[in-house]
Amino acid sequence: MNIKDVENLAELAKLELSPEEKESLLHDMEGILSYVKQIEEVEVGDIKPSNTYHNVWREDELEPRAFSKDSIIEQFPDSQDGFLKVKKIL
Amino acid sequence: MIDLKNLTIEKAHEDLKAGKYTCVELAEAYLENIEKKNSEINAYLEVFDDVKKQAEEAQKKFQDGSATMMTGIPVAIKDNILYEGHIASAGSKILENYKASYDATVIRDLKASGAVFLGRTNMDEFAMGSSTQTSAYGVTKNPLDIERVPGGSSGGSAAALAADMTLAAIGTETCGSVREPAAFCGLVGLKPTYGAVSRQGIIAMGNSLDQVSPFGKCVEDTKILFDILSRYDAEDSTSVPDSLRGTSPRKHLGDKGVSLGRCKIGVPWHLFADGVDTSIQENFKQSLEKLKELGYEIVDVELPHAKYSLAVYYIIMPAEVSTNLSRFDGIRYGYSAAADSLSQVYKKSRGTGFGAEARRRILLGTYVLSHGYYDAYYNKAIKVREKIKEEVLKVFEEVDYILTPTVPMLPFKLGEKMDDPVAMYLCDIFSAPANLSGVPSIALPSGKSPEGLPFSIQFMAPHFCEDSLFEVGKKFETLC
């Protein structure tokens with residue numbers, strides 16, 4: 001891994017990083033990755049997750065919820081006429 | 001004067017019933033302690049302004065006869081649990097002003113029982129850490145020795161309980177975040193079976209691992225909280241329906257997983273042959289002697305893949321973190337930085353809103369999930385996780401419990417391990433197998449070091465066998 005990789009990951013994750021932090025993250029990532037790399041040596045064969053699946057979806061019917069539209073709009077950093085306001089996209 | 005130090009939930013309930021003091025007087029006694037101690041310990045980020053009103057409501061229940069065990073009991077809640085109308089910041093600057101628009105299911109259940117919420121407690125940012133030092137709101141100190149960390153990530157809840165700033169405390173675990181601070185603060189901490197307690201309204205870190213987890217000054221207090229919180233919740237897609245609970249892999253176990261015959265405890269010695277403080281090893285051996293005195297049979301067990309648990313965890317968790325934390329974008333709620341373009345709003349809001357550990361884990365998660373590395377890291381990790389789970393469940397065909405130390409070290413000094421992420425991560429080396437395999441685990445105080453720092457051991461049991469953890473815990477605490 002090199003500093004370009006860190007920059008690329010930060011771009012994908014939409015994180016603004018200072019040059020110093022990029023350096024220190026590169027160092028941390030190398031340390032952590034060399035620790036987690038030990039799983040390479042494990043022979044897992046064709047093991048498959050033993051999960052049993054259950055349908056957890058409810059019917060698509062209106063159910064009362066504790067929160068209101070207003071309580072959600074209140075949290076918007078920027079809004080206009082009850083709509084969420086964002087910077088120009090195109 | 002109420003003797004808060006020796007107060008338990010059960011004792012407080014008896015006293016409230018007998019009218020020795022009122023719910024308001026009890027709450028005020030704790031508020032007074034908070035007033036005295038919190039500026040130094042920093043366990044609470046906020047003390048709610050309606051405590052007295054809540055306590056008055058609870059008192060009414062004693063008058064009309066509808067009071068139950070938790071009525072009027074003061075509770076501290078971790079800052080990542082939504083409580084309607086109150087800030088839930090998850091210890092992060094990015095949620096500094098975020099007000100919960102609904103109650104988490106656990107809050108709803110505690111409210112219904114008449115519990116009194118004292119305040120929200122400090123935590124590592126987004127529950128990422130083992131020492132409550134990554135919070136955007138300063139470190140929490142260990143009340144047993146203020147130069148040391150309280151453990152984390154639920155360090156605020158643990159410190160509040162240990163310093164008698166509350167009678168009950170709720171935290172959350174992803175990998176040891178309740179058991180480790182319980183160990184460092186001399187408390188009992190239970191990580192329930194994955195899916196036992198609802199995660200609805202909990203700010204997620206690693207969805208396949210997170211569980212709301214109670215602390216207690218004794219095993220019974222922990223059990224009282226667990227019994228209230230453990231139930232199926234249709235609003236949490238990973239909540240386990242009643243029909244699938246209580247299944248036990250061993251025939252000699254009764255309905256609630258409590259052993260009907262002589263109990264066997266398996267010890268995976270090979271997991272802590274090295275890397276564990278000598279004093280921890282010694283205390284562990286003494287604890288085994290006590291368990292033998294109590295009639296338990298101790299046997300060696302092998303968990304050959306468990307040594308990879310932490311490595312697996314540090315792939316799966318960041319992968320889930322990078323996905324979960326993508327919702328904090330500076331657009332819909334939380335901190336939003338001013339910038340010229342949409343893309344810059346994202347980058348600046350996230351770059352300055354998240355702390356260093358959160359940024360580190362987001363980057364790590366993005367890496368292990370990225371094209372070209374996905375198979376080597378994430379896919380491999382979920383297979384090894386399966387292997388670990390298989391092994392743990394196989395061992396439970398032979399023994400009732402698996403026992404290890406809770407943490408490989410005593411509480412360390414503030415500031416330590418902050419510049420070495422891997423050293424910090426190793427605090428949770430014994431926690432990971434339970435979280436990865438979804439089985440319940442309880443941390444129990446097991447004595448004190450010569451300098452007065454607490455030791456702790458932890459039991460794991462098969463899925464939904466919390467009752468057998470309480471059983472062994474209650475027996476063990478009589479000898480400690």
*Can you tell which part of B:Leu325 gets under 4.5 Å to a heavy atom of chain A, answering side chain, backbone, both or neither?*
neither

*State, to 0.1 Å, how close A:Pro77 and B:Ser336 come at their nearest heavy-atom pair, and which atoms those are.*
CB-CB, 3.6 Å

*Atom group of A:Arg65 that falls short of 4.5 Å from chain B, counting heavy atoms*: side chain

_Does any backbone or side-chain atom of A:Val36 lie under 4.5 Å from a heavy atom of chain B? Answer side chain, backbone, both or neither._
both

_Using every non-hydrogen atom in the two residues, find where A:Ser71 and B:Ser101 come nearest and quote the distance to one decimal._
OG-CB, 3.3 Å

*Taking A:Gln75 for its side chain and B:Lys99 for its backbone only, find out whether a donor-acceptor pair lies under 3.5 Å.*
yes

*Give the intermediate values and the outcome of side-chain contact (heavy atoms from CB on, under 4.5 Å) for residues A:Asp5 and B:Tyr367.*
CA-CA 9 Å; A:Asp5 295 322; B:Tyr367 179 77; 5.9 Å; no

_Does B:Tyr308 form a side-chain contact (heavy atoms from CB on, under 4.5 Å) with A:Gln38? I'd like the steps, not just the answer._
CA-CA 7 Å; B:Tyr308 299 108; A:Gln38 56 175 298; 3.6 Å; yes

*Taking C-beta and beyond as the side chain, do A:Ile32 and B:Pro421 meet within less than 4.5 Å on heavy atoms?*
yes

*Would you mind checking which part of B:Asp329 comes under 4.5 Å of any heavy atom in chain A, side chain (CB onward), backbone (N, CA, C, O), both or neither?*
neither

_Heavy-atom pair count under 4.5 Å with chain A, highest-scoring of B:Arg359, B:Lys389, B:Lys307, B:Lys348_ = B:Arg359

*State, yes or no, whether a side-chain contact exists between A:Phe67 and B:Glu84 at a heavy-atom distance under 4.5 Å.*
no

_Quick check on B:Ser237 against chain A: is it the side chain, the backbone, both or neither that has a heavy atom closer than 4.5 Å?_
both

*Side chain, backbone, both or neither: which part of B:Leu426 has a non-hydrogen atom closer than 4.5 Å to chain A?*
side chain

*Taking B:Glu235, B:Arg108, B:Gln344, B:Glu390 one by one, which has the highest count of heavy-atom pairs under 4.5 Å against chain A?*
B:Glu235

*Measure the spacing between CG of A:Leu33 and CG of B:Leu364 and express it to the nearest 0.5 Å.*
6.0 Å

_Tell me if a side-chain donor or acceptor on A:Lys87 pairs with a main-chain N or O of B:Val345 at a distance below 3.5 Å._
no

*Residue among B:His305, B:Arg385, B:Lys380 satisfying side chain to side chain contact (heavy atoms under 4.5 Å, CB included) with A:Ile39*: B:Lys380

*Heavy atoms, side chains only, cut-off 4.5 Å: are B:Lys347 and A:Leu15 in contact?*
no

*For chain A, find its close neighbours in residues 350-358 of chain B: heavy-atom separation under 4.5 Å, sorted by number, or none.*
B:Arg350, B:Gly351, B:Phe354, B:Ala356

_Once rounded to the nearest 0.5 Å, what's the spacing between atom CD of A:Glu21 and atom CG of B:Leu363?_
8.5 Å

*Measuring heavy-atom distances to chain A, does B:Ser322 have an atom under 4.5 Å in its side chain, in its backbone, in both, or in neither?*
neither

*Do you see a donor-acceptor pair shorter than 3.5 Å between the side chains of A:Glu16 and B:Tyr346?*
no

*Between atom OG of A:Ser79 and atom CZ of B:Arg332, what is the distance when rounded to the nearest 0.5 Å?*
15.0 Å

*Atom pair NZ (A:Lys14) and CD1 (B:Ile362), whose distance is rounded to the nearest 0.5 Å*: 13.0 Å

*Which bit of B:Ala381 is near chain A, if near means a heavy-atom gap under 4.5 Å: side chain, backbone, both or neither?*
both

*With a 4.5 angstrom heavy-atom cut-off, could you sort out which part of A:Leu84 is near chain B: side chain, backbone, both or neither?*
side chain

*asked:* Can you tell me which portion of B:Tyr425 sits under 4.5 Å from chain A's heavy atoms? Options are side chain, backbone, both or neither.
replied: side chain

*Hey, what do you get for OH (B:Tyr333) to CD1 (A:Ile73), rounding to the nearest 0.5 Å?*
15.5 Å

